[in-house]
Amino acid sequence: MVLVNSEKMLKSAKEGKYAVPQFNINNLEWTRYILEECNRNNAPVILGVSEGAGKYMGGFKVVTNMVKGLIETLGITIDVCLHLDHGSSFNSCKDAIDSGFTSVMIDASKYEILENMRITQEIVDYAHAHNVTVEAEVGHIGGTEDNISSEIYQATVEDCVKLASTGIDSIAPALGSVHGLYKGKPNLNFERMKIINETLNIPLVLHGGTGIPENDIKKAISCGISKININTELQIAWHDAVLEFVTNNKEVYDPRKVIGSGETAMKKAINDKIKLFFNR
Ligand code: 13P
């Protein structure tokens with residue numbers, strides 16, 4: 001199976017009223033766990049790579065080769081999309097596309113809408129010429145990711161319509177979700193989510209999937225969310241298991257055993273999300 005862009009998988013999700021997970025990857029082990037668990041469940045997946053994670057793994061080219069290699073040697077048969085998460089500039093998105101990513105997110109949401117549109121349009125033109133799909137953000141998703149923090153600022157329907165006019169393939173309207181852990185209860189604007197979904201005919205993306213209660217996830221899917229991003233929750237599942245292992249096995253220093261001690265917990269977290277997002 002070769003890497004695919006997100007067009008078909010998100011279109012099917014929108015029609016079928018389920019959500020495709022974007023699981024963020026940080027290293028070889030995580031990528032393998034995600035691919036194996038999604039393949040076992042016959043669930044398409046989007047592998048999200050932040051700019052920081054890409055750099056950590058040795059650059060986008062290394063990531064593409066690693067993912068393609070794993071798909072081949074593990075015999076993965078599901079659709080896999082390799083996606084740049086929160087691309088911050090044209091050059092970053094271009095680098096991902098030229099390195100073989102099949103989807104990019106351009107996050108120009110810190111600019112006012114006209115500038116956001118201008119930057120997004122440049123990426124759409126380049127990406128579509130390379131059969132790569134584009135996600136863009138409007139409003140501000142709050143919280144902290146890759147050490148970058150921001151306040152919540154909810155997207156308006158008007159700005160979503162404007163951003164969609166650039167020809168993007170999916171849109172991430174900030175509607176109250178945050179990256180990382182929530183301080184207090186999540187408060188998503190489902191009403192506006194529904195209106196945006198009815199107004200635009202492209203799939204909606206929910207960032208900051210960690211810590212959103214199951215019922216809110218189901219409601220978000222019923223309001224038109226077709227892709228949900230999960231990062232922190234996998235990190236916590238992996239970390240807690242590794243911490244327990246290290247605490248109880250202080251004499252073990254083989255990195256394969258240390259890193260691998262998080263495999264079962266992480267796969268369980270992945271499996272739980274698949275069941276929830278695909279209504280299984
Ligand atoms: P969480 O870290 O809150 O799961 O958010 C992930 C995300 O939205 C990646 O873009």
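Counting convention: from 1, in listed order, for ligands and their atoms alike. What you see is a predicted model; the values in this text were computed from it and never measured.
Considering only non-hydrogen protein atoms, atom 10 (O) of ligand 1 sits nearest to Asp85 OD2, 2.8 Å. Shortest contact from atom 8 (O) of ligand 1 to any protein heavy atom: Gly208 N, 2.8 Å. Regarding atom 4 (O) of ligand 1, its nearest protein heavy-atom neighbour is Thr210 OG1, 2.5 Å. The nearest heavy-atom contact from the protein to atom 3 (O) of ligand 1 is Gly180 N, 2.9 Å.
Less than 4.0 angstrom separates some heavy atom of His86 from each of these atoms of ligand 1: 10 (O). Short contacts between ligand 1 and Val178, defined as distances under 4.0 Å to a heavy atom of the residue, involve ligand atoms 3 (O).
Note on Leu188 and Tyr153: separate hydrophobic clusters, where clusters join Ile, Leu, Val, Met, Phe, Trp and Tyr whose side-chain heavy atoms are under 4.5 Å apart, directly or indirectly. Val62 and Phe101 fall into different hydrophobic clusters, where Ile, Leu, Val, Met, Phe, Trp and Tyr residues are linked whenever their side-chain heavy atoms come under 4.5 Å apart, directly or through other members.
Heavy atoms of Ile141 found under 4.0 angstrom from ligand 1: none, in either backbone or side chain. With a 4.0 Å cut-off on non-hydrogen atoms, Thr232 touches ligand 1 through its backbone as well as its side chain.
Ligand 1 has a nitrogen or oxygen under 3.5 angstrom from a nitrogen or oxygen of His179. Checking only distances, Glu233 never comes within under 3.5 Å of ligand 1, N or O to N or O. Backbone and side-chain nitrogen or oxygen atoms of Ile230 are examined, and none is located within less than 3.5 angstrom of a nitrogen or oxygen of ligand 1. Remark: ligand 1 and His207 share an N or O pair separated by less than 3.5 Å (distance only, no angle test).
Screening Ile113, Asp107, Thr120 against Val138 for a side-chain contact (heavy atoms from CB on, under 4.5 Å) leaves a single residue, Ile113. When each of Asn5, Thr133, Asp169 is checked for a side-chain hydrogen bond (donor to acceptor under 3.5 Å, both in side chains) with His128, only Asp169 meets the rule.
Side chain of Asn248 to backbone of Glu244: a donor-acceptor contact under 3.5 angstrom is found. Checking side-chain atoms of Asn41 against main-chain N and O of Ala43 turns up no donor-acceptor pair under 3.5 Å. At distances below 3.5 Å, at least one donor-acceptor pair connects side-chain atoms of Thr102 with backbone N or O atoms of Leu82.
Not a single heavy atom of Gly48 sits less than 4.0 Å from an atom of ligand 1. Ligand 1 lies nowhere less than 4.0 angstrom from a heavy atom belonging to Leu234.
No side-chain donor-acceptor contact under 3.5 Å links Asn116 and Glu112.
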Applying side chain to side chain contact (heavy atoms under 4.5 Å, CB included), run through Ser170 and Ile202 and close with a yes or a no. CA-CA 5 Å; Ser170 61; Ile202 52 173; 5.5 Å; no
